Amino acid sequence: MFTYGAASNGERLLPVTAMEVWLPELPEVEVVRSGLDTLIRNRRIRQVQLYRRALRYPLPAGMAERLRGLTVLAVERRGKYLLFRLDGSEILVWHLGMTGQFHVLAESDSPGRHEHAVFVLDGGLSLRYRDMRRFGYAGLLPADAWQRHPWFAGLGPEPLQEGFDDAYLYGRCHSRAAPVKQVLMDAAVVVGIGNIYACEALFRASIDPFLPAHHLALLQAGALVKAVKDVLREAIAAGGSTISDFVRADGRPGYFHHAFTVYQRQGQPCVRCGSPILRRLQSGRGTFYCSGCQR
DNA sequence: AAATGAACCTGTTTGC
DNA sequence: TGCAAACAGGTTCATT
């Protein structure tokens, strides 16, 4: 679930909440990135209030002081990490974990439940971080060396870039006996694909999630790469409409609910063959698939 | 080296 | 009715 705020009538800022539970995989993080970049780019951080010493990990020592007075130059993304470019020597890195949300609200708006950090910006705005389960985490890393930090050093390619292609995925699957779904969710192979989009992409490519990765044929790898790119692009486009809809004059949210074909559809008929969608536990995670289509 | 499972956390749903 | 167990999934760590 994500919440956004933006100017909808004059200077007033209204929070809007999406009712669907949306866990932050790559498309959701990209939508948040794009929204934040629009709303807070070139804003100066006047003050930082932290209501917790630690989320998943301790927050950086002296974080409030190190951020005060800096301007947000851009909000970027690597995998599921948000990167706040600043006009200083450090970069602010933030992972949303499972339930992290950023809101841009009026400075005067009262704090919400599970709000752990408030960044008071210029122009009467404030950026709030809210995280019910506190799986999120943040770091202040050297702007010229953040990529060497352990969070980033071992990451695989971005799935929407050219380096993620059939030959690459086939090669990375060759030495792996684990189920192909596990390999697809391994950030060292490719970033940003969590349980939801792994299930959806495997369905689109008609591949059995339990297939040992080294049994994946090159043609199947190609189909899977295409399915991943398609489903991520569609989800980003759907979320993107969230932002543009929201800025409409009437301020109505108009959220687009991304249509899942297998995720959380167990017992319902497969959209392709009509067989019931099944759910099986795989390494402690629910795997949703069609036993008729995926083999 | 690779695979598996636990841990972190809390609101919601399910089952007895 | 009420309470407890199961469940949700991103990432790291420990164990096999």
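Quick caveat, the model's predicted, so the values are computed rather than measured. First the proteins, then the strands, lettered A, B, ... as listed; each starts at 1.
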Would you mind reporting whether [Y] and [X] have side-chain heavy atoms less than 4.5 Å apart?
X: Leu127(A); Y: Phe102(A); result: yes
X: Leu26(A); Y: Glu158(A); result: yes
X: Gln294(A); Y: Pro209(A); result: yes

Classify the side chain of Arg285(A) versus the base of dG10(C) as yes if they form a donor-acceptor pair under 3.5 Å and no if they do not.
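Under the 3.5 Å cut-off, the side chain and the base do form a donor-acceptor pair.
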Please check: side-chain N/O of Glu28(A) versus main-chain N/O of Glu25(A), any donor-acceptor pairing under 3.5 Å?
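Judged by distance alone, yes, a pair lies under 3.5 Å.
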Choosing from dA8(C), dT11(C), dG11(B), which nucleotide comes nearest the side chain of Met132(A)?
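It is dG11(B).
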Taking only the side-chain heavy atoms of Ala178(A) (C-beta and beyond), determine which of dT11(C), dA3(B), dA8(C) contains the nearest atom.
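So the side chain of Ala178(A) is nearest to dA3(B).
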N/O (side chain, [X]) to phosphate O (OP1/OP2, [N]) under 4.0 Å:
X: His114(A); N: dG11(B); result: yes
X: Tyr81(A); N: dG10(C); result: no
X: Arg279(A); N: dA8(C); result: yes
X: Arg176(A); N: dA2(B); result: no
X: Arg134(A); N: dT10(B); result: yes
X: His95(A); N: dT11(C); result: yes

With rounding to whole Å, what would you report as the distance between dA6(B) and dA6(C) at their P atoms?
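To the nearest whole Å, 12 Å.
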Salt-bridge contact Asp109(A)-Arg128(A) (side-chain N to carboxylate O under 4.0 Å)
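Looking at Arg128(A) together with Asp109(A), the answer is no, because their closest N to O distance does not fall below 4.0 Å.
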For [X] and [N], give me the distance from atom [atom1] to atom [atom2], rounded to whole Å.
X: Leu55(A); N: dC8(B); atom1: CG; atom2: P; answer: 16 Å
X: Glu25(A); N: dA8(C); atom1: CD; atom2: C1'; answer: 12 Å
X: Arg52(A); N: dC8(B); atom1: CZ; atom2: P; answer: 15 Å
X: Lys181(A); N: dT4(B); atom1: NZ; atom2: P; answer: 12 Å
X: Gln182(A); N: dG5(B); atom1: CD; atom2: C1'; answer: 12 Å
X: Leu96(A); N: dC9(B); atom1: CG; atom2: P; answer: 18 Å
X: Leu26(A); N: dG9(C); atom1: CG; atom2: C1'; answer: 16 Å
X: Asp186(A); N: dA3(B); atom1: CG; atom2: C1'; answer: 11 Å

Using a 4.0 Å heavy-atom cut-off, does Ala187(A) contact any base of the nucleic acid, only the sugar-phosphate backbone, or nothing at all?
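Ala187(A): no heavy atom of the nucleic acid under 4.0 Å.
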Pick base, sugar-phosphate or nothing for Gly194(A), based on heavy-atom distances below 4.0 Å to the nucleic acid.
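Contact class for Gly194(A): sugar-phosphate only.
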Could you check Arg113(A) against Arg56(A) and say which one's nearest nucleotide on DNA chain B is further toward the 5' end?
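The residue mapped nearer the 5' terminus is Arg56(A).
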Between Phe203(A) and Arg272(A), is there a cation-pi geometry (under 6.0 Å to ring centre, at most 45° from the normal)?
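Arg272(A) over Phe203(A) ring: yes.
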